[in-house]
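Notes follow once the structure below has been shown.
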Amino acid sequence: MEGVLVTGTATAALEGECVRCLEPITDELSARFQELFVYDDQGYSSEDDEVSKLEDDLVDLEPLLRDAVVLALPFQPLCEDDCPGLCTECGARLADDPDHAHEEPIDPRWAGLTALTQDQQDPEATE
């Protein structure tokens with residue numbers, strides 16, 4: 001009696017990048033929506049932003065579909081649920097090289113001592 005109730009499902013293609021490894025992602029998502037479009041003669045003022053109205057007996061689905069799809073988008077899209085991401089030191093993709101490792105970083109307070117240990121190991125360096 002008040003208007004037209006629109007219920008449906010929207011399917012959209014998703015393209016983006018993984019937030020961990022920056023690999024391209026293509027997927028498809030589905031979003032459900034439901035909205036009541038009221039007739040013009042129901043007494044709602046034009047300032048009521050929360051109310052969707054019929055315009056000359058036509059339904060404008062664009063804002064409804066846009067809102068439903070945007071809310072269904074993943075907040076942090078991933079290429080895989082267990083994506084290891086990138087190496088924090090060199091930027092290598094860890095999924096391609098799972099055994100990727102770097103030497104332990106040297107504490108800057110002890111960095112001066114590395115020269116002493118190298119001199120002791122290399123007797124030709126002192127001559």
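As the structure is a prediction and not an experimental result, all values here were calculated from the model.
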* What's the verdict on side-chain contact (heavy atoms from CB on, under 4.5 Å) for Phe37 and Leu61, showing C-alpha distance, side-chain angles and the deciding distance? -> CA-CA 10 Å; Phe37 289 85; Leu61 290 177; 4.3 Å; yes
Nearest atoms (heavy-atom pairs only) where [X] meets [Y]:
X: Cys87; Y: Leu94; value: N-CG, 3.9 Å
X: Ala68; Y: Phe33; value: CB-CB, 4.0 Å
X: Arg93; Y: Cys21; value: NE-SG, 3.6 Å
X: Thr9; Y: Ser30; value: CG2-OG, 3.1 Å
X: Leu29; Y: Ala72; value: CD1-CB, 3.8 Å
X: Cys18; Y: Cys79; value: SG-N, 3.4 Å

How many angstroms lie between atom [atom1] of [X] and atom [atom2] of [Y], to the nearest 0.5 angstrom?
X: Glu62; Y: Asp67; atom1: CD; atom2: CG; answer: 10.0 Å
X: Leu71; Y: Arg66; atom1: CG; atom2: CZ; answer: 11.5 Å
X: Leu14; Y: Thr26; atom1: CG; atom2: OG1; answer: 8.0 Å
X: Leu78; Y: Asp27; atom1: CG; atom2: CG; answer: 11.5 Å

* More than 12 non-hydrogen atoms from neighbouring residues, nucleotides or ligands closer than 6.0 Å to CD on Glu15, yes or no? -> no
* Would you find a donor on one side and an acceptor on the other, under 3.5 Å apart, between the side chain of Arg20 and the backbone of Cys83? -> yes
Same hydrophobic cluster for [X] and [Y], using side-chain heavy-atom links shorter than 4.5 Å among ILVMFWY?
X: Leu22; Y: Ile25; answer: no
X: Tyr39; Y: Val6; answer: yes
X: Leu64; Y: Val70; answer: no

* Asked: Got Leu5 and Thr7 here, is their nearest side-chain heavy-atom distance under 4.5 Å?
  ->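 Result yes, sub-4.5 Å side-chain heavy-atom pair found.
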* To do: Give the intermediate values and the outcome of side-chain contact (heavy atoms from CB on, under 4.5 Å) for residues Leu86 and Thr88.
  => CA-CA 6 Å; Leu86 301 175; Thr88 57; over 6 Å; no
